[in-house]
Number of protein chains: 2
Amino acid sequence: MAKAEDIQFNSLDYDDPMVGRILDAAEQCIHRFGIRRSTVGEVARVGKLSRGSIYRYFADKEALVAGVFKRRQELYLNRTEAALEKEPTLVDKLTHSVVSGRKDMEEGIFASLAETEPETVAMMFLDPSFYRRSVSFWPPHVLMAQEAGEISSDVDVATATDLLMRLAVSLVMFPNMGLGLKTRREIRAYLDQVIKRGLG
Amino acid sequence: MAKAEDIQFNSLDYDDPMVGRILDAAEQCIHRFGIRRSTVGEVARVGKLSRGSIYRYFADKEALVAGVFKRRQELYLNRTEAALEKEPTLVDKLTHSVVSGRKDMEEGIFASLAETEPETVAMMFLDPSFYRRSVSFWPPHVLMAQEAGEISSDVDVATATDLLMRLAVSLVMFPNMGLGLKTRREIRAYLDQVIKRGLG
DNA sequence: GATTAAACAATAATCGTTTTTTGTTTATTT
DNA sequence: AAATAAACAAAAAACGATTATTGTTTAATC
């Protein structure tokens, strides 16, 4: 019992078919109408379930919306994590993250939201908690790169992770900041330079 | 003649006392009430001039607001540029930029705007044109650092500038992203590492 | 010649009202 | 035991009428 309360603090279990249906419907609504114009009643109608059920799993509309984006992000991280297995080096991994990150921003739910509620998207992007989850993502890959001798073992993992995150976020957020890094090859060359030797 | 039209494309001349009065008044209004609640009439009253004069120098309210922020940014760049003269190395220069950039964000016009209209501030931060002016800022310093042997001459100036910009913007925008870089010394150490050797 | 004050239509903000939505609860159904 | 439907007060959104603001123009003033 007391599901909605748990979800506030613990994470959603996407395996629960009810949660999945709710999030699917909510995401569809957000995708089509944006957050403001999506009502809980509409989500219920689209998901063919009752409003009561939604409020059983989500404390309020805000939590529901957060759940949609949380799932999207989790999905992105899972997919990216899987894809990175096949990338040989840390530089390749980061390149892949940037490329797929940009793609998600251009054609995912963010793209449609950006058209109807750009300020909301801007606020999300600037919210530090938006990136918190991703921070735990890189350390293992940093360690691997250190063991493989790709990067130095002198630099501590937290510092390396910080730099990787900043580069990835910056490159997704600002495709061209002085330099116009468009193609995968350009991005890779840039990251290779920056990570391997900085400006030294 | 035809001042307002020129200003659209050329830059404002802050030496013109009328322009200065208008911008002073506008900035004061924005600082106290935010953009939405600031009216051109109120700006005129505060600046003790006529609405007509404001429209003589600025095409519309949007241009006026843009002018306020443009001047602020120009002032920041000028002050920073001057302060950098005294900083011995590129790393010190960038450190200074980050520290003073953070200070401006915390106590300048952005801080007050962020309280009343956070979405507006978020939108400005994510607007690439916000950083365009700063891009022309770094190349001379990069060249100096290359001549001094602080950084390699192999890296082209545009690439170096791009990295410096990304680091500065990221560190101002996200004070802690994994690592919590608070003090001047921490920031300097981080930048020294990243710029001089990357993760290699 | 530039600044101002006043007048003006077009646009946008505000206000009070009505309607919708939210979030909670209750009884009923699966 | 969980999902539903219905009912409900409180909060928020939508609406239309009113007021304020914008941006332009005009003639008067410095």
Side-chain angles (χ1 to χ4, degrees), chain A residues 1-9 12-26 28-30 32-68 113 116-117 119-120 123, chain B residues 1-9 12-26 28-30 32-68 113 116-117 119-120 123:
Chain A
M1 58 180 301
K3 289 216 171 187
E5 290 80 47
D6 293 351
I7 287 165
Q8 293 292 76
F9 303 103
L12 295 160
D13 71 332
Y14 304 118
D15 298 335
D16 187 328
M18 195 61 50
V19 171
R21 267 171 71 197
I22 294 170
L23 289 178
D24 286 346
Q28 204 179 315
C29 287
I30 291 173
R32 280 160 59 181
F33 313 119
I35 294 169
R36 286 190 61 184
R37 308 234 168 246
S38 295
T39 70
V40 176
E42 178 72 8
V43 172
R45 195 164 336 120
V46 169
K48 282 169 187 153
L49 36 81
S50 69
R51 250 161 35 86
S53 292
I54 294 175
Y55 280 104
R56 176 170 181 69
Y57 288 93
F58 296 90
D60 51 24
K61 186 183 170 180
E62 194 184 323
L64 174 59
V65 172
V68 168
L113 236 198
T116 54
E117 294 162 63
E119 334 75 25
T120 307
M123 290 292 283
Chain B
M1 57 182 299
K3 288 214 169 186
E5 290 79 46
D6 293 350
I7 288 164
Q8 293 292 77
F9 301 105
L12 294 162
D13 69 336
Y14 303 118
D15 296 334
D16 188 328
M18 196 60 50
V19 170
R21 268 171 72 196
I22 295 171
L23 289 178
D24 286 345
Q28 203 178 316
C29 288
I30 292 173
R32 282 159 59 181
F33 313 119
I35 294 169
R36 283 189 62 184
R37 307 230 170 252
S38 295
T39 69
V40 176
E42 178 73 7
V43 172
R45 195 165 335 122
V46 169
K48 284 170 187 150
L49 36 81
S50 70
R51 253 161 31 86
S53 290
I54 294 176
Y55 279 105
R56 177 169 179 70
Y57 287 92
F58 297 90
D60 51 25
K61 186 183 171 180
E62 194 183 322
L64 174 59
V65 172
V68 168
L113 236 197
T116 54
E117 294 162 63
E119 334 75 26
T120 307
M123 289 292 282

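From a predicted model like this one, the values you see are computed outputs, not experimental measurements. By convention in this document, chain letters (A, B, ...) are assigned in the order of the sequence lines, proteins followed by strands, and residues within each chain are numbered from 1.
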Legend entry - A:Leu49 side-chain proximity, nearest of C:dT3, D:dT4, C:dT22: D:dT4
Legend entry - Check: A:Phe33 and A:Thr39 side chains under 4.5 Å, non-hydrogen atoms: no
Legend entry - Atom pair distance, as rounded to whole Å: CD1 in B:Ile54 and P in C:dT4: 9 Å
Inset, instruction - Return the value, rounded to whole Å, for the distance between atom CZ of A:Arg56 and atom P of C:dT29. - result: 19 Å
Inset, instruction - Could you pull out the closest heavy-atom pair between A:Val68 and A:Ala26, with the gap in Å? - result: CG2-CB, 3.6 Å
Inset, instruction - Mind listing the closest non-hydrogen atom pair of B:Lys61 and B:Arg36 along with its distance? - result: NZ-O, 3.9 Å
Legend entry - N or O in side chain of B:Tyr57 less than 4.0 angstrom from C:dT3 OP1/OP2: yes
Detail all sub-3.5 Å separations between protein N/O atoms and N/O atoms belonging to nucleotides 23-30 of chain D.
unit_1: D:dG23; atom_1: OP2; unit_2: B:Tyr55; atom_2: OH; d: 2.9
unit_1: D:dG23; atom_1: OP2; unit_2: B:Lys61; atom_2: N; d: 2.9
unit_1: D:dG23; atom_1: N7; unit_2: B:Arg51; atom_2: NH1; d: 3.3
unit_1: D:dG23; atom_1: N7; unit_2: B:Arg51; atom_2: NH2; d: 3.4
unit_1: D:dG23; atom_1: O6; unit_2: B:Arg51; atom_2: NH2; d: 2.7

Inset, instruction - Could you check how far CD of B:Glu42 sits from P of C:dA13, rounded to whole Å? - result: 17 Å
Inset, instruction - With the side chain counted from C-beta on, respond yes when A:Leu23 and A:Phe58 share a heavy-atom pair under 4.5 Å apart, and no when they do not. - result: yes
Inset, instruction - Calculate the interatomic distance between A:Ile35 atom CD1 and C:dT21 atom C1'; express it in whole Å. - result: 16 Å
Legend entry - Gap separating the CG atom of A:Leu49 from the CD1 atom of A:Ile22, nearest 0.5 angstrom: 5.5 Å
Inset, instruction - Would you kindly compare B:Met18 and B:Arg37 by the position of their nearest DNA chain C nucleotide and give the one closer to the 5′ end? - result: B:Met18
Legend entry - Phosphate OP1/OP2 of D:dA5 contacted by A:Ser50 side-chain N/O (<4.0 Å): no
Legend entry - Rounded distance (Å) that lies between atom C1' of D:dT4 and atom CZ of A:Arg21: 11 Å
Inset, instruction - Measure from CZ on B:Phe33 to P on C:dA13 and round the result to the nearest Å. - result: 18 Å
Inset, instruction - Sort out for me which residue in A:Glu42, A:Arg45, A:Arg37 forms a side-chain contact (heavy atoms from CB on, under 4.5 Å) with A:Cys29. - result: A:Glu42
Inset, instruction - Could you tell me whether the phosphate oxygens of D:dA13, OP1 or OP2, come under 4.0 Å of any side-chain nitrogen or oxygen in A:Arg36? - result: no
Legend entry - Under 3.5 Å: donor-acceptor pair, side chain of A:Glu117, backbone of A:Ile35: yes
